[in-house]
Peer 1: 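Below: one structure in structure tokens.
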2 protein chains.
Amino acid sequence: MIKQRILVTVDNIIFTITQDSLQILLIKRSIEPFKGERALPGGFVMEDETLQQAAYRKLADETSVKNAYLEQLYTFSEVKRDPRGRAISCAYIALMSRENVMIKPWDDAEEVKFFDVKKLPKLAFDHKKIVEYAIQRLKWKMEYTNVAQYILSKKFTLRQLQDVYETILDQQIDVRNFRKKIEKLGLVKETWEKEIGVQYRPAKLYTFVDKNLKIVEIL
Amino acid sequence: MIKQRILVTVDNIIFTITQDSLQILLIKRSIEPFKGERALPGGFVMEDETLQQAAYRKLADETSVKNAYLEQLYTFSEVKRDPRGRAISCAYIALMSRENVMIKPWDDAEEVKFFDVKKLPKLAFDHKKIVEYAIQRLKWKMEYTNVAQYILSKKFTLRQLQDVYETILDQQIDVRNFRKKIEKLGLVKETWEKEIGVQYRPAKLYTFVDKNLKIVEIL
DNA sequence: CTAATAGTGTCTCTGAGACACTATCTA
DNA sequence: TAGATAGTGTCTCAGAGACACTATTAG
């Protein structure tokens, strides 16, 4: 009765952060269409898994991280977005700390690597649009929730936390005011440890109090 | 090569507002499964239309409104959510002013009507969960954007605007502070008209300045 | 006039922003 | 000690919240 034939895929926008740049993971396509071009890692959804499970499965295919933060972004459905036929893509944002990531080789890609979001190559399909939307959502989440924890290591200095905000929001923040705000929100607590191996006054290490996503106005 | 068989549907959560209650449109299912139960209006996506277009088409099927505000909410994909087989549903939120709505009879439903969100009947499929999520999103949008305009008539009094906020957010707001905030945001402008037909001091009528969705902190 | 709602004045207190300052570490 | 970054004190000003007040209409 229903003759509908629409393929369902997931695509992951995997964010991580380095010194001073926000990065996403891209693969190089080894097959047509868009062979040789960069694209978001993703693939078809299986009939016995949810979209979220498919996104997790794909994430595990490409990286060593299994328990990353994952959030549905948007479902893209332009009729001509895939030249092979009608396909919609549910995009997922993943956040992980760089130290926890180990990139795996992947059967469908010649190369998998992180790119600075400010220096992205040309992307296959409608992935440019997807990435732009993901960055916008990420910025938003940074301002209004405690997602930052998922992109930082367990223990971190307040300076590192501020760097994450400054890098993702792409703006400078006053040190004093940032600390006042973070302290007042009660999102983090001090540990008794300090930074080691630095050639100046070592900073205290902090951890997040609440592991769950919380809505709070940070900036 | 790809043997995937997943059906793609859309469901609309159509919000409107009356005196003092937030309401959504529900149909009564005339066919199995869940025959006789209430459900969100929706249906299968066609191969030559986007999800948004499918949602608009369905909206036009059920109501007389053609240019309502429509926003993708989330794609629900639990494996067992539809007893007929694997189907995912992309849910859309629609907002409309009550005066513009005329409900049409619908071939797949014995009855179509608005229900107070605080007095919802049992819902088919996973629609209860979808509605809850939609209400949460709507509250959020009310606080941080100018969406209120899409659920009000073109011209309105500040009291009516405040009523919309109080009803949706389900909380009282101080009259003075609400007006100060709205004025400062510059979202609305006075017209030279006033309310008519009331038995007390008539209020000035206002309109929204910007027809597009804007992110601003209102409360 | 009264009843009813529209609409305003203003005080307090919190917190954002700016910016100069002090503290503590390594070498 | 110098050099570097961690971390703090404090002033100003905008705005959220509380609440009492005045204005304007119908009848």
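Every chain is numbered from 1 and lettered A, B, ... according to where its sequence line falls, protein lines coming before strand lines.
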Peer 1: With no hydrogens and no angle check, is any side-chain donor or acceptor of A:Gln72 less than 3.5 Å from a backbone partner on B:Thr75?
Peer 2: yes

Peer 1: Rounded to whole angstrom units, what separation is found between the CZ atom of B:Arg201 and the C1' atom of D:dT25?
Peer 2: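 To the nearest whole Å, that distance equals 8 Å.
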
Peer 1: Toward the 5' end of DNA chain C, which comes first, A:Val175 or A:Pro202, by nearest nucleotide?
Peer 2: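 First, find each residue's nearest nucleotide; the 5'-ward one identifies A:Val175.
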
Peer 1: In whole Å, what is the span from the CD1 atom of A:Ile196 to the P atom of C:dC25?
Peer 2: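 It is 15 Å, rounded to the nearest whole Å.
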
Peer 1: Starting from C1' on D:dA16, measure out to CG on B:Leu185 and report it in whole angstrom.
Peer 2: 13 Å

Peer 1: Tell me whether B:Lys141 is salt-bridged to B:Glu71, with the criterion being a basic N under 4.0 Å from an acidic carboxylate O.
Peer 2: yes

Peer 1: Could you state the atom-to-atom distance from CZ of A:Phe156 to P of D:dG7 in whole Å?
Peer 2: 12 Å

Peer 1: Should the pair A:Tyr150 and A:Tyr69 be assigned to parallel (<30°), tilted (30 to 60°) or perpendicular (>60°) ring geometry?
Peer 2: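 A:Tyr150 and A:Tyr69: parallel rings.
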
Peer 1: Considering heavy-atom distances to DNA chain D, does B:Lys181 or A:Ala203 have its closest nucleotide positioned more toward the 5' end?
Peer 2: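 The 5'-side residue here is A:Ala203.
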
Peer 1: Measuring from the side chain of B:Tyr200 (C-beta onward, heavy atoms only), which nucleotide among D:dG3, D:dG7, C:dT5 has the closest atom?
Peer 2: C:dT5

Peer 1: For A:Lys180 and C:dG15, is the shortest distance between a side-chain N/O and OP1 or OP2 below 4.0 Å?
Peer 2: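 Checking C:dG15 against A:Lys180, no side-chain N or O comes under 4.0 Å of OP1 or OP2.
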
Peer 1: To the nearest Å, how far apart are A:Asp174 CG and D:dG9 P?
Peer 2: 15 Å

Peer 1: With heavy atoms under 4.0 Å as the rule, sort A:Val198 into base, sugar-phosphate or nothing.
Peer 2: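 Sugar-phosphate contact only - A:Val198 comes under 4.0 Å of backbone atoms but never of a base.
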
Peer 1: Starting from C1' on D:dG7, measure out to CG on A:Leu161 and report it in whole angstrom.
Peer 2: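 Going from CG in A:Leu161 over to C1' in D:dG7 covers 15 Å.
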
Peer 1: CZ of B:Arg176 versus C1' of D:dG15: gap in Å, rounded?
Peer 2: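 Result: 13 Å.
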
Peer 1: Taking only side-chain nitrogens and oxygens of B:Lys184, does any of them come within less than 4.0 Å of OP1 or OP2 of D:dG15?
Peer 2: yes

Peer 1: Without decimals, in angstroms, what is the distance between B:Lys204 NZ and C:dG7 P?
Peer 2: 6 Å

Peer 1: Taking NZ, NE, NH1 and NH2 as the nitrogens, is one of them in A:Lys139 or A:Glu143 under 4.0 Å from a carboxylate oxygen of the other?
Peer 2: no

Peer 1: I'd like to know if the side chain of B:Gln162 pairs up with that of B:Glu166 as donor and acceptor (distance under 3.5 Å, no hydrogens or angles considered).
Peer 2: yes

Peer 1: Using the closest heavy atom to pick a nucleotide of DNA chain C for each, name whichever of B:Gln199 or B:Asn177 lands nearer the 5' end.
Peer 2: B:Gln199

Peer 1: Check whether any side-chain nitrogen or oxygen of A:Lys194 sits under 4.0 Å from OP1 or OP2 of C:dC25, and answer yes or no.
Peer 2: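 So the side chain of A:Lys194 is within the cut-off, an N or O lying under 4.0 Å from OP1 or OP2 of C:dC25.
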
